[in-house]
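Worksheet: one structure, shown below.
We name chains A, B, ... by the order of the sequence lines, and we start the count at 1 in each one.
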Amino acid sequence: MPIQRSVAMTDMDKNYDHRKHEREIYEKWEPYFTPSFAKASEGKPYTILMPPPNANASLHAGHAMYTIDDIVIRWKRMQGFSSVWIPGIDHAGFETQFVYEKELAKKGKSRFDFDRQTFYENVYKFVEKNSGLIYEQFKQLGFSADWDRSVFTLDKNVISQVFETFSRLEREGKVYRDEYIVNYCTHCGTSLAELEVEHEERNDPLYYMKYGPFVLATVRPETKFGDTAVAINPKDTRYQKYVGQVIEVEGLIGKFRVKVIADDAVEQKFGTGVVKVTPAHDPNDFEMGKRHGLEIKQVIGLDGKLNDKTGPYRGLKVNEARKRVVEDLYKAGLIDRVDETYKHSVGVCYRCKRTVEPMVVPNWFIKVDELKGPVIEAVKNDRVKFYPKRFKKQMLNWLEIMHDWPISRQIAWGIRIPVWYEVTDQANLYAVWLDKNGQKQEGLVYKYKDRLAEIEAGLQKVTAVTGPSGPKYKVSANKPGDNYLPETDTFDTWFSSGQWPLVTLKKDEFDTRFPTDMMGTLADILKFWVSRMIMFSLYLKNEVPFKDVYLWSMVADTKGVKMSKSKGNVVNPIDLVNKYGADALRVALVYGVAPGSKIPLSEEKVRGMRNFANKIWNIARFVESANHSSQTANPVEDDNWIMDELNKLIKSVTVSLEKYRFNDAAESMYEFVWHKFADVYIEKVKGRKEGASPTLRHVLITCLKLLHPFMPFVTEAIWWEIKDLRKYPDEMLITTAWPE
RNA sequence: GGAGCCAUGGCUCAGUUGGUAGAGCGUCUCUUUUACACAGAGAAGGUCACAGGUUCGAGUCCUGUUGGCUCCACCA
């Protein structure tokens, strides 16, 4: 039995130990991640842009799904494309500032202790400390991105692109500034786009309040001080006679008068069919106010406390104020009855989970009507294709209802909106700043005209009146003159990351690499990000940013439950890599997972895939040992069978990858390698008198190539071990050609 | 309220144009055989949620019911 004895002739370990190989292999690979080094640089360009992870983030299970991108880029590289995967980091304004402020809070400080410039620089330092770490983790997963090309969304070229885009939008009348009712998080101190608001089912008492001649239902009695009308449905015969009248209402701080209006927005069936209208603190009322020219009377400040228009309730936070107001209403006999069973949904901040306060705040908006048309067109015509298909419908659904985009964020960590307000003698500009002694000051800017330099140096926030009486402003990256103060709002993060395809590619690459080929990302950010990238690309380049979008869902735990810290079911992918190897984790993320569905990640599954890696290793050990023993050059009957199967496999894996059916590819390789090649063919070879034929090593070598995009480390490790079996012993697997 | 998706062996899930049910993990039996016990050989286990319909034939298409998920809209 020559084959058996010859086992000693290979020095391969009995089991594959990823710890011995992964680091060394990765270092040897790195030069090939950039197309200029690869021998394929003359091939057709193939480009993937990495969805930039947040600057504050360390690697979580979701990032491990970038494995998809890596599989594709490795496969294309082997196919001879000039392949590049461009990575980057997103400053993630709101997210990162939130995390940083939590750190600050531990030291007993808050953002209000700093001027915005200093605060910004502090966050920058904080982020710099973390950056690099996530790339190291990506490397542990084997990702073959061109790290030298990394782009950060606060890099100079990104900021200037963002400025340029904004200026152009402004010049073309697609930007406007308006008082608008936005969802405002008083805790985080910023307005939120609708997408950033989550809805929670709540049980709140519905108070039936006596209100002049009416009884009306409300869950927010504390906003009573901001009421500027009472509304009924125009068809409601019960109250017809009141319409147009001014009624007197007994309030808690004296009587006040409001007009009775008729509006279709009022449901006759809800409550008593009468509703109080508070344009400053309710989105529907705001709209109603616009239709009827009602006064916007703000009674809650941006700090979440009732203001001086509320008499004794001034300074109370909303919840506290509600309690007190209800008590006092009872005392005054103004509560008719209470429905304690009332359920409704309440908007909460996606970040801190506190109730958002609808608030009227000056905001910058992008008009999307004209911008979204071409996007809809492009999606409908499959100029951007979605995998799986159902996301096309979701995208179109969203685009249809997409409306003007509020891009102002009242946070410092981000790209400042490049606008400067002219300081005149008008009372239209209000500022908050730290004076030279570090003391907080605030007031109308015209009163401090002689101290502009000091204000600007210690500036925290500028608020400008909107409309015709507001200050003149100039859009400019740099200060346009002495009498100007900068806008302090920053852009919504998605405004800059939405231009990702435009800032990651070099100027001369737009001819060859644009549109890019594939965008692989989490389905959750389809609306936030993918839609905006398509929109900006079409607007600025008249071209879609990528041809294909492949979407996946969240990585979940064993039970299919979303991972979260509070549930304690978070799995750290790096732990799994350390324990079972990067290859095992990578295959576990695609094996048995349908496109677009959520990905249940269990340690058992990763272990199973580690076993598969070991199986491949041992197949190689066998082939290696067989090579040193007797063999025959003559094909044997079994060879035809395995060659047929192998050719079928090559075709099916290639086709599966073309269709982004990663599961199909992984499963068919697993099935072939383990249950056909090992269990059947190799067992037969063992029993042969003539020994092994060259087919044995041919099948192994082909399998290694097919498996490489999925399991790059173990395949490359074997590749180095079996040098004597190959035609070109010095060649690395990463640069070999894809089998055909 | 609108849209989409899902319900398949103990668990987690595959199943691309309709043609007699699959995987991984788990379970049971045997085997420490010499590539691998991170293994091999074998076994048990599913009327593919329910009710109709189309078809020669349906897990796969259509309708309805029940249960679950996601997105969107939203009544104070």
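- For A:Lys353, the NZ atom is densely surrounded, since the number of other residues' heavy atoms within 6.0 Å is greater than 12.
- Side chain of A:Asp679, nearest nucleotide from B:rA41, B:rA23, B:rC36: B:rA41.
- Across B:rU16, B:rC36, B:rA76, the shortest atom-to-atom separation from the side chain of A:Asp664 is found for B:rU16.
- In this pair, A:Tyr16 and A:Trp617 present their aromatic rings tilted. The plane angle is within the 30 to 60° band.
- Within 4.0 Å (heavy atoms only), A:Ala620 reaches no atom of the nucleic acid at all.
- In the model, A:Asp227 has a side-chain atom that pairs as donor or acceptor with a side-chain atom of A:Tyr211 under 3.5 Å.
- Comparing B:rG19 with B:rC48, their P atoms sit 16 Å apart, to the nearest whole Å.
- Checked against B:rC5, B:rC74, B:rC36, the side chain of A:Asn618 finds its nearest nucleotide in B:rC36.
- The phosphate of B:rA39 (OP1 or OP2) has a side-chain N or O of A:Asn611 nearer than 4.0 angstrom.
- Mapping A:Ile619 and A:Val219 onto RNA chain B by nearest heavy atom places A:Ile619 at the nucleotide closer to the 5' end.
- Side-chain nitrogen and oxygen atoms of A:Lys393 include at least one within less than 4.0 Å of the OP1 or OP2 phosphate oxygen of B:rG4.
- Looking at the side chain of A:Glu667, the nearest of the listed nucleotides B:rC36, B:rG4, B:rA14 is B:rA14.
- Ring orientation note: the planes of A:Tyr180 and A:Phe286 are nearly perpendicular, at an angle over 60° on the 30°/60° scale.
- Between A:Arg607 atom CZ and B:rG24 atom P there is a gap of 15 Å when expressed in whole angstrom units.
- Atoms CE (A:Met609) and C1' (B:rC38) sit 12 Å apart, rounded to a whole Å.
- Rounded to the nearest Å, the gap between the C1' atom of B:rC61 and that of B:rG18 is 8 Å.
- At a cut-off of 3.5 angstrom, counting only N and O atoms as typed in the model, there is a donor on one side and an acceptor on the other between the side-chain of A:Arg610 and the base of B:rC38.
- One interatomic measurement links the two molecules: CZ of A:Phe286 to C1' of B:rC74, which rounds to 19 Å at whole-angstrom precision.
- Summarising the geometry, the separation between CG on A:Asn397 and P on B:rA3 is reported as 10 Å, rounded to the nearest angstrom.
- The base of B:rC25 lies outside donor-acceptor range of the side chain of A:Lys605, with no N or O pair under 3.5 Å.
- For A:Glu400 and B:rA3, a side-chain-to-base donor-acceptor distance below 3.5 Å is absent, hydrogens and geometry of angles not being considered.
- Contact check, A:Arg661 against B:rG15: a side-chain N or O comes under 4.0 Å of OP1 or OP2.
- Taking atom CE on A:Met395 and atom P on B:rC72, their separation rounds to 12 Å, with Å as the unit.
- A salt bridge links A:Lys579 with A:Glu603: at least one charged nitrogen is closer than 4.0 Å to a carboxylate oxygen.
- Contact check, A:Lys686 against B:rA35: a side-chain N or O comes under 4.0 Å of OP1 or OP2.
- Taking side-chain N and O atoms only, A:Trp674 has a distance below 4.0 Å to OP1 or OP2 of B:rG40.
- Classified by interplanar angle (parallel below 30°, tilted 30° to 60°, perpendicular above 60°), the ring pair A:Tyr681/A:Phe677 is parallel.
- If you take atom C1' in B:rC71 and the same atom in B:rU54, they sit 32 Å apart, rounded to whole Å.
- When distances run from any side-chain atom of A:Arg390 to the nucleotides B:rC38, B:rA76, B:rC5, the shortest one goes to B:rC5.
- Between A:His344 and B:rA76 there is a side-chain N or O to OP1 or OP2 distance below 4.0 Å.
- Between the C1' atoms of B:rC28 and B:rA44, the separation comes to 7 Å (whole Å).
- Atom CD of A:Glu683 is separated from atom P of B:rG40 by 9 Å (rounded to the nearest Å).
- Few gaps surround NZ on A:Lys723; more than 12 heavy atoms of other groups in view lie less than 6.0 Å from it.
- Looking at the side chain of A:Phe622, the nearest of the listed nucleotides B:rC74, B:rG26, B:rA35 is B:rA35.
- One can place CD of A:Gln394 at 9 Å from P of B:rC71, the figure rounded to the nearest angstrom.
- The separation of B:rA21 from B:rA14, taken at their C1' atoms, amounts to 12 Å, rounded to a whole angstrom.
- Among the nucleotides B:rC38, B:rA76, B:rC13, the one closest to any side-chain atom of A:Lys598 is B:rC13.
- Nearest nucleotide to the side chain of A:Tyr670, out of B:rA3, B:rA14, B:rG24: B:rG24.
- The separation between A:Glu671 atom CD and B:rA14 atom P is 19 Å, rounded to whole Å.
- For the pair A:Ser597 and B:rA14, the criterion of a side-chain N or O lying under 4.0 Å from OP1 or OP2 is met.
- Nucleotides B:rC50 and B:rG68 are separated by 15 Å at their C1' atoms, to the nearest Å.
- Along RNA chain B, the nucleotide nearest to A:Ala594 and the one nearest to A:Val266 differ in position, and the one closer to the 5' end is contacted by A:Ala594.
- Remark: A:His675 is in phosphate contact with B:rG24, judged by side-chain N or O atoms under 4.0 Å from OP1 or OP2.
- Here the separation of B:rG57 from B:rU20, taken at their P atoms, is 15 Å to the nearest Å.
- Spacing between B:rU12 and B:rA37 at atom P, rounded to whole Å, works out to 31 Å.
- Across all non-hydrogen atoms, the minimal contact from A:Pro221 to A:Met209 is CB-SD, 4.2 Å.
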